[in-house]
Asks: 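Quick one: the structure is below, and I'll ask about it shortly.
Naming: A, B, ... by sequence-line order, numbering from 1 per chain.
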2 protein chains.
Amino acid sequence: MTRAKTNSVRATQTSLTVLSEIKTLGGSATLAELADSLEPTKSTIYKHLVTLEDEGLVVEQDGEYRIGLRWLEFGGIAQRYDGIYEVAKPEVRRMAVETGELANLMIEEQGYGIYIHTTSGDQAVALDTRLGKRIHLHKTAIGKALLSSFDDNRVEEIIETRGLPAETENTITDREALFAELETIRERGVADDTEERVDGTGCVGVPIDTGDRREAAISITAPINRLQSPGRKAQLIDTVQQAANVIEVNLVHG
Amino acid sequence: MTRAKTNSVRATQTSLTVLSEIKTLGGSATLAELADSLEPTKSTIYKHLVTLEDEGLVVEQDGEYRIGLRWLEFGGIAQRYDGIYEVAKPEVRRMAVETGELANLMIEEQGYGIYIHTTSGDQAVALDTRLGKRIHLHKTAIGKALLSSFDDNRVEEIIETRGLPAETENTITDREALFAELETIRERGVADDTEERVDGTGCVGVPIDTGDRREAAISITAPINRLQSPGRKAQLIDTVQQAANVIEVNLVHG
DNA sequence: GTTTTCCGTTTCGTATTTTCGAACGCCTGC
DNA sequence: GCAGGCGTTCGAAAATACGAAACGGAAAAC
């Protein structure tokens, strides 16, 4: 419509818009639903859907279009790119089994944090913290752990491009407050959050020293009532830190 | 090139071609490398790369472009579409832990089989059997297990669209032989393969009755020397069948 | 130190395609 | 049997994806 960036392929963007809208509409949608909520006309969207179906990026079933499993093909490649996933995966699982909570592995990309692995223990909270989920780094302990391993310039850059939007009442939305928090995290070696992204839950997270690979962090998510018991929290922090150590050692002696 | 299918968006296809070529070139590539191996010119590919980077589908680092983690965002949605993944995941893991081998969960889509979960036990073979991997159904035990749960018409349709290409010397490439094999699988309740997809390894797999959800199957992959010991093979078959039972029960009482 | 080569990036004109709007045909419900 | 909603096809017009060529910086060659 308005802006036409010189270097971009509009049709590809349109295809992506259709895909995003399917996601927004709950994972599957009819052509009519998509035409209602999107700018392009029915016939245009239809052509994109046909193309995307040929590629396996959407699948049509009973008149509904949904996201295709082809996404996992490329997703699996991205996930395994530099070997962090394979090394960290067993430790993340161990954290989940030992604590019974939800354990996560996150990697930074383009200023966002992406969960590239999550495992639920037997008392774990049910959360939208799922494979591939992208979140702002300042909204959660694991993201702040990542930020704490960056230098200030890089943090500034991320704040500038992605902003500091609020998620709950407790989300840090102030630049100064964030930098102060990061300093504290660097001193303590642990990041935490209480209801900064999702009401009723909190996290403890630590960064992983990956050498020259992509920065990563791990965390445990738990309901706040369990997190507020001091003994329990200390125990979780201990688990996360030990796991990070093991991962770091294994990354070196790969 | 020549044919321009009436209902397809060429630019979207071009973007996908670029993505595929990055994958083919080992997961990352420079613009020059892509221009060398693809039809479109450097400037065209460049525009697509810029667009894809804006969307997070590729990431540029030190002059190399690689597949972006954004793929996992949509991949995670496709993976969880109808709940089979969540229910089956713990049982697949249990199979891997108990046997020490590689355990897999596959779903059929568009005539292909897609691994939507894999877990390695402590003696597991290292294989390209990874999250998101797409294979022809006739090439492996888990795929044949899936086929055995379809009626003949559907199998015919899949053979017609995807063919029966060979992978190793042992791959079934004959239509009659495949149908005979499927009949045997239906009788025995178990599919197996020995070096039909990868030399040196074999599988045992069984279909899962998912009710009205997408068809699924689980399998265990092991080196042939372990698979050829009759006691061991019987034990693996037992494990897979029990796991399938548990998953089926849990799918009903979800 | 100069030249050459290589690579990413930009520009620009044109031909190709995307896009829209309308019309078609099918099915469902009234 | 009629009306409304849906996916699909068609053709014309506007938008843009594409190729060719040139630019500029960095690295390599001499």
Asks: Not counting sequence neighbours, which residues clear ring-ring contact (aromatic ring centres under 6.0 Å, His included) with A:Y85? List them please.
Replies: A:H117

Asks: Which residues pass the side chain to side chain contact (heavy atoms under 4.5 Å, CB included) test with A:E157, not counting sequence neighbours?
Replies: none

Asks: Give the rounded distance in Å between these two atoms: CG of A:L49 and C1' of D:dT9.
Replies: 16 Å

Asks: What integer distance in Å separates B:K47:NZ from D:dG19:P?
Replies: 11 Å

Asks: Quick one: which of A:R162, A:R213, A:R214, A:R154 gives a salt bridge (charged side-chain N to carboxylate O under 4.0 Å, His left out) with A:E108?
Replies: A:R154

Asks: Looking at A:T14, does any N or O in its side chain come under 4.0 Å of the phosphate oxygens OP1/OP2 on C:dT19?
Replies: yes

Asks: Taking atom P of D:dA17 as reference, at what distance in whole Å does atom CG of B:L52 sit?
Replies: 12 Å

Asks: Nearest whole angstrom, please: distance from the C1' of D:dT16 to the CD of A:Q13.
Replies: 12 Å

Asks: To the side chain of B:R10, which of D:dT16, D:dG19, C:dT17 is closest?
Replies: C:dT17

Asks: OP1 or OP2 of C:dT18 less than 4.0 angstrom from a side-chain nitrogen or oxygen of A:H48, does that happen here?
Replies: no

Asks: For DNA chain C, what are the stems built from at least three Watson-Crick or G-U pairs in a row, each pair having both distances below 3.5 Å?
Replies: C:1-30 with D:1-30

Asks: Walk me through whether B:K139 and B:E196 qualify under salt bridge (Lys or Arg N to Asp or Glu O under 4.0 Å).
Replies: CA-CA 6 Å; B:K139 287 184 184 170; B:E196 289 172 31; over 6 Å; no

Asks: Can you confirm whether A:L146 sits close enough to A:M106 that some side-chain heavy atom of one is under 4.5 Å from a side-chain heavy atom of the other?
Replies: yes

Asks: Parallel, tilted or perpendicular: which fits the ring planes of A:W71 and B:W71, with parallel below 30° and perpendicular above 60°?
Replies: tilted

Asks: Name all residues meeting the side chain to side chain contact (heavy atoms under 4.5 Å, CB included) criterion together with A:K133; count only those two or more places apart in sequence or in a different chain, and write none if there are none.
Replies: A:Y115, A:D128, A:I135, A:R197

Asks: To check you understand the geometry: which heavy-atom pair defines the closest contact between B:L105 and B:I142, and what is its length?
Replies: C-CD1, 4.2 Å

Asks: At less than 4.0 Å, is any side-chain N or O atom of B:T41 found next to OP1 or OP2 of D:dC18? Yes or no.
Replies: no

Asks: List the protein contact pattern of nucleotides 2-8 of chain D with one symbol per nucleotide (5' to 3'): B for base contact, S for sugar-phosphate-only contact, - for none; contact means a heavy-atom distance under 4.0 Å.
Replies: ----SBB

Asks: For A:L38 and C:dT18, give me the distance from atom CG to atom C1', rounded to whole Å.
Replies: 16 Å

Asks: So, using side chain to side chain contact (heavy atoms under 4.5 Å, CB included) as the criterion, who are the partners of A:V59 when residues are at least two apart?
Replies: A:R66, B:E109, B:Q110

